Q: 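Quick one: this structure, given as structure tokens, is what I'll be asking you about.
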Amino acid sequence: MTAPPTDHLTRFLLPHAGVRGVSVHLHDTWQTILARADYPAAATELLGEACAAAALFTGHTKVDGRLSVQLRSHGALRTLFAECTAAGTIRGIVQLAEGQDAPRDLRHLGQDALLAITIENPGLDPREPQRYQSLVALQADRLAEAFEDYFRQSEQLPTRLLLAANGQRAAGLMLQKLPGDEGDADGWVRSGALFDTLGETELLDTPPGLLLHRLFHEESPQILTERPIRFACSCSRERVAGMLQSLGQEEATAALSDGTAEVRCEFCGQRYLFSAEDIGELFALPPVGISAPDRLQ
């Protein structure tokens with residue numbers, strides 16, 4: 001008998017308060033991501049928070065394809081990337097300057113640091129997906145606070161967000177006031193006060209159903225949808241081919257070693273081999289459409 005999935009995304013409603021919410025709890029998925037690299041402590045926490053956030057946002061925003069959270073800088077943290085698809089699959093990666101760890105205060109990343117949320121949905125032409133990207137201001141020390149500010153400004157709705165991760169689990173909880181006058185007069189204040197009683201340790205250690213009951217039982221929470229979350233990589237030979245085409249023929253040809261170019265996906269370890277003939281054929285064809293960065297090398 002197959003064991004039931006341990007990782008879930010849950011959408012819920014606090015009807016009397018006029019508040020909607022999303023929670024996510026990752027264990028097996030998170031362990032699979034961590035097994036592919038050896039990250040220092042702060043980078044591990046930051047990647048777990050980003051994975052939880054990407055999952056939460058797919059439960060909050062209509063996503064038919066994939067949603068990614070990406071942070072780039074020229075400091076100790078070079079790239080943070082987490083992606084969740086509409087099918088409930090997650091992957092993520094961190095790239096650091098050699099011998100360094102990520103700063104826990106995001107304001108230490110430097111003036112050139114960029115944090116973005118990107119949604120990629122299928123287009124009429126499968127080779128040309130529709131991409132929507134929003135930049136998130138880095139004026140807070142933690143990811144959760146930066147995203148809270150973003151949703152308040154972009155959607156003009158009060159939003160609360162808590163993200164947490166350690167070497168065992170990653171989790172997140174998001175609350176947002178429903179548009180309009182839904183809910184009673186002090187529903188948002190009441191929900192926020194309950195939210196403030198939640199700490200990172202409790203968020204990580206408490207199963208989602210029990211957590212929602214413990215926090216909001218007086219608000220009669222209604223579960224709207226639940227779906228399993230799992231690790232999977234969206235790399236493919238076609239996407240790698242598109243990446244090689246984007247490099248240009250001279251650089252792609254220079255990647256050949258003993259007549260073969262090998263490209264390894266840093267997310268899942270899958271290796272793709274291209275012969276000199278394969279690369280020649282790539283540049284005899286129209287460019288292959290590629291999407292969110294795969295961080296392939």
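It should be emphasised that the depicted structure is a prediction, and the values quoted were computed from it without experimental measurement.
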Q: Does a side-chain N-to-carboxylate-O contact under 4.0 Å join Glu202 and Arg214?
A: yes
Q: Can you tell me how far the CG atom of Leu143 sits from the CG atom of Leu106, to the nearest 0.5 Å?
A: 5.0 Å
Q: Closer than 4.0 angstrom, basic N to acidic O: yes or no for Arg190 and Glu219?
A: yes
Q: Between Glu266 and Arg36, does any NZ, NE, NH1 or NH2 come within less than 4.0 Å of an OD or OE carboxylate oxygen?
A: no
Q: Which other residues belong to the hydrophobic cluster containing Leu13, where Ile, Leu, Val, Met, Phe, Trp and Tyr are joined when side-chain heavy atoms lie under 4.5 Å apart, directly or via other members?
A: Leu178, Leu224
Q: Could you state whether Phe81 and Leu96 fall into the same hydrophobic cluster, counting links through intermediate Ile, Leu, Val, Met, Phe, Trp or Tyr residues with side-chain heavy atoms under 4.5 angstrom apart?
A: yes
Q: Please check if the distance between the ring centroids of Phe57 and Tyr150 is under 6.0 Å.
A: no
Q: Under a 4.0 Å threshold between the charged nitrogen and the carboxylate oxygen, would Arg160 count as salt-bridged to Glu145?
A: no
Q: Do the side chains of Arg72 and Asp112 get close enough for a salt bridge, i.e. N-O under 4.0 angstrom?
A: no
Q: Determine the minimum heavy-atom distance between Arg152 and Pro158, stating which atoms define it.
A: CG-CA, 4.2 Å
Q: Whether Asp7 and Arg227 form a salt bridge (side-chain N of Lys/Arg under 4.0 Å from carboxylate O of Asp/Glu) is what I want to check.
A: no
Q: Which pair of heavy atoms, one from Ala116 and one from Leu135, lies closest together, and at what distance?
A: CB-CD2, 3.9 Å
Q: When you check the gap from the basic side-chain N to the acidic O, do Arg104 and Asp141 get nearer than 4.0 Å?
A: no
Q: Cation-pi check for Tyr272 against Arg237: NZ or CZ below 6.0 Å from the six-membered ring centre and within 45 degrees of the axis, yes or no?
A: no
Q: Given Leu71, which partner from the list Val136, Leu109, Val94, Leu114 fulfils the side-chain contact (heavy atoms from CB on, under 4.5 Å) test?
A: Leu109
Q: If you link ILVMFWY side chains whenever their heavy atoms are less than 4.5 Å apart, which other residues fall into the same cluster as Leu162? By chain and number, please.
A: Phe12, Leu14, Val19, Leu173, Leu175, Trp188, Leu194, Phe195, Leu198, Leu203, Leu211, Leu212, Leu215, Phe216, Ile223
Q: If we check side-chain contact (heavy atoms from CB on, under 4.5 Å) with Gln70, which of these qualifies: Leu80, Thr118, Thr79?
A: Thr79
